[in-house]
Number of protein chains: 2
Amino acid sequence: MPRKHSAADAPLRLDNQICFAVYSAAHAFNRVYKPLLDRLGLTYPQYLVMLVLWERDDVPVRDIGEKLFLDSGTLTPLLKRLEAAHLVKRTRSREDERQVLIALTPQGHALKDKARAVPQSILAASDCSVSELVAMKDEIVALRDRLNAVIGE
Amino acid sequence: MPRKHSAADAPLRLDNQICFAVYSAAHAFNRVYKPLLDRLGLTYPQYLVMLVLWERDDVPVRDIGEKLFLDSGTLTPLLKRLEAAHLVKRTRSREDERQVLIALTPQGHALKDKARAVPQSILAASDCSVSELVAMKDEIVALRDRLNAVIGE
DNA sequence: TCACATTTAATTGTTCGCAATTGAATGTGC
DNA sequence: GCACATTCAATTGCGAACAATTAAATGTGA
């Protein structure tokens with residue numbers, strides 16, 4: 001007779017699933033970021049794009065997509081919103097007319113200084129030592145990369 | 001003179017951010033789940049709702065939301081889709097007419113058996129021992145709960 | 001050169017996720 | 001019993017996220 005909490009059901013229990021842990025942690029991060037990013041006028045995915053651009057400017061959409069694991073269906077409208085906010089400029093590459101190059105505007109560059117406060121606040125909110133966070137991050141990245149390897153068959 | 005990779009910029013670098021690790025790992029999980037859940041006719045958030053219901057049936061929307069950290073704006077349309085797929089039934093509670101109770105249909109119950117294959121496939125894809133995954137899961141859940149505690153001031 | 005595949009971004013349609021609002025039901029203090 | 005706040009789901013609007021398709025530019029082989 002199957003009981004309410006049979007051992008066979010353990011793998012299906014919500015609290016046993018690492019994917020739900022990751023899923024719900026991502027949402028929790030988003031909620032902590034929200035008020036911080038509101039001050040910058042950015043959403044979290046837009047913030048990620050800006051992080052990429054602050055590292056290297058004038059890159060094709062495809063490069064941004066590879067770093068963030070996002071495709072053009074997500075990035076095209078997002079980048080248009082960043083352009084509407086005067087943070088980036090989108091121009092067709094002259095060497096390869098298929099590519100659209102994304103470059104920061106002066107305002108986009110300037111926003112970087114304001115953004116420096118964000119990681120500090122997040123560190124405080126996580127209530128955790130830097131070394132612990134780095135260790136966790138490395139584990140999660142390793143897991144992510146193994147998962148992504150499976151997707152590519 | 002700020003160089004290309006100055007130490008002051010380290011906290012803003014994408015690869016140093018645990019939140020991006022979590023964010024991208026969540027997407028990677030989603031992509032691994034996709035083909036498995038397609039066979040069940042479920043999306044990942046729908047699968048999470050079914051996990052909750054397989055543990056305890058006939059619960060108000062609010063209870064599901066608390067377990068999954070989702071609100072009615074997300075759950076109402078999702079539950080209507082599950083109802084359209086004949087997996088759940090939505091009925092107003094007679095004790096409290098504000099509440100909508102979600103109950104599994106026979107088909108919803110039956111789907112549980114097919115779902116048992118899912119966690120196994122995920123375990124294989126993560127290419128990791130169960131004990132390692134459990135340890136990681138506990139760390140991530142602890143981090144998530146600290147973040148959620150900050151949100152509630 | 002010319003047919004053909006590949007690359008790249010854009011578009012369309014569906015589903016999440018959440019903030020803000022609405023409206024009905026319930027509970028509370030007086 | 002009645003004004004008032006609270007609770008709950010539903011709704012609206014916006015921004016991701018992604019699959020599938022489209023269209024243009026480029027590369028490749030015969």
Side-chain angles (χ1 to χ4, degrees), chain A residues 19-20 23-35 37-38 40-50 59-66 68-85 87-88 90-102 148 151, chain B residues 19-20 23-35 37-38 41-50 59-66 68-85 88 90-102 148 151:
Chain A
C19 64
F20 175 64
Y23 169 90
S24 54
H27 289 322
F29 265 120
N30 211 335
R31 285 189 283 268
V32 174
Y33 268 100
K34 181 92 180 30
L37 294 180
D38 277 349
L40 306 183
L42 295 173
T43 65
Y44 182 67
Q46 289 169 5
Y47 172 70
L48 290 180
V49 169
M50 294 302 285
V59 291
V61 174
R62 163 146 255 282
D63 285 21
I64 300 174
E66 268 176 14
L68 301 181
F69 307 97
L70 297 173
D71 68 5
S72 72
T74 301
L75 287 174
T76 296
L78 187 156
L79 290 166
K80 285 183 176 175
R81 282 187 283 270
L82 286 181
E83 190 174 43
L87 294 174
V88 307
R90 298 165 355 106
T91 50
R92 290 253 159 221
S93 163
R94 237 172 303 137
E95 299 97 56
D96 186 339
E97 289 275 343
R98 291 170 303 183
Q99 292 188 359
V100 169
L101 296 178
I102 308 299
N148 278 331
I151 295 160
Chain B
C19 62
F20 175 64
Y23 169 90
S24 54
H27 289 320
F29 265 120
N30 212 335
R31 284 190 283 268
V32 174
Y33 268 99
K34 181 97 180 29
L37 294 180
D38 278 350
L42 295 173
T43 65
Y44 182 67
Q46 289 169 5
Y47 172 69
L48 290 180
V49 169
M50 294 302 286
V59 291
V61 174
R62 164 146 253 281
D63 284 22
I64 299 174
E66 269 175 15
L68 301 182
F69 306 97
L70 298 172
D71 70 3
S72 71
T74 302
L75 288 175
T76 296
L78 187 156
L79 289 167
K80 284 182 178 175
R81 282 187 283 272
L82 287 181
E83 189 174 42
V88 307
R90 300 167 352 107
T91 50
R92 291 253 160 217
S93 163
R94 238 173 301 135
E95 297 96 56
D96 187 339
E97 288 276 341
R98 292 170 305 182
Q99 292 188 359
V100 169
L101 296 179
I102 308 299
N148 277 331
I151 295 161

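Proteins get letters first, then strands, A, B, ... in listed order; numbering begins at 1 in each.
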Send over the distance from [X] [atom1] to [N] [atom2], rounded to a whole Å.
X     : N      : atom1 : atom2 : result
B:E95 : C:dG27 : CD    : C1'   : 16 Å
B:E66 : D:dT7  : CD    : C1'   : 12 Å
B:D96 : D:dA10 : CG    : P     : 13 Å
A:L82 : D:dG15 : CG    : P     : 11 Å
A:Q99 : D:dT26 : CD    : P     : 10 Å
A:N30 : D:dA16 : CG    : C1'   : 10 Å
A:M50 : D:dA16 : CE    : P     : 13 Å
A:Y33 : C:dC18 : OH    : C1'   : 18 Å

Does B:L82 form a side-chain contact (heavy atoms from CB on, under 4.5 Å) with B:L42? I'd like the steps, not just the answer.
CA-CA 9 Å; B:L82 287 181; B:L42 295 173; 3.8 Å; yes
Options [options], nucleotide nearest the side-chain atoms of [X]:
X     : options                : answer
B:E97 : C:dA10, C:dT26, D:dA24 : C:dT26
B:R92 : D:dA10, D:dT26, C:dA9  : D:dA10
B:R62 : D:dT6, D:dA19, D:dA9   : D:dA9

Show the numbers, then the answer: is there a side-chain contact (heavy atoms from CB on, under 4.5 Å) between B:F20 and A:F69?
CA-CA 11 Å; B:F20 175 64; A:F69 307 97; 4.1 Å; yes
Whether B:R90 contacts D:dA10 is assessed here as follows: a side-chain N or O lying under 4.0 Å from the phosphate OP1 or OP2. Is that the case?
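Indeed, a polar side-chain atom of B:R90 lies that close.
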Would the distance check show the side chain of [X] and the main-chain N or O of [Y] forming a donor-acceptor pair, the cut-off being under 3.5 Å?
X      : Y      : answer
A:N148 : A:I151 : no
B:R92  : B:L101 : no
A:D63  : A:E66  : no

For nucleotides 11-17 of chain C, give me one character per nucleotide, 5' to 3': B if any protein heavy atom sits under 4.0 Å from the base, S if the only such contacts are to the sugar-phosphate, - if neither.
B---SSB
Apply the side chain to side chain contact (heavy atoms under 4.5 Å, CB included) test between A:V49 and each candidate in A:I102, A:L78, A:T43; give the one that qualifies.
A:L78
More 5' along DNA chain C: A:K34 or B:R98, using each one's nearest nucleotide?
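Its nucleotide being nearer the 5' end, the pick is A:K34.
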Between A:H27 and A:Y23, how do the two ring planes meet: parallel, tilted or perpendicular, split at 30° and 60°?
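If you compare the ring of A:H27 with that of A:Y23, the planes turn out perpendicular.
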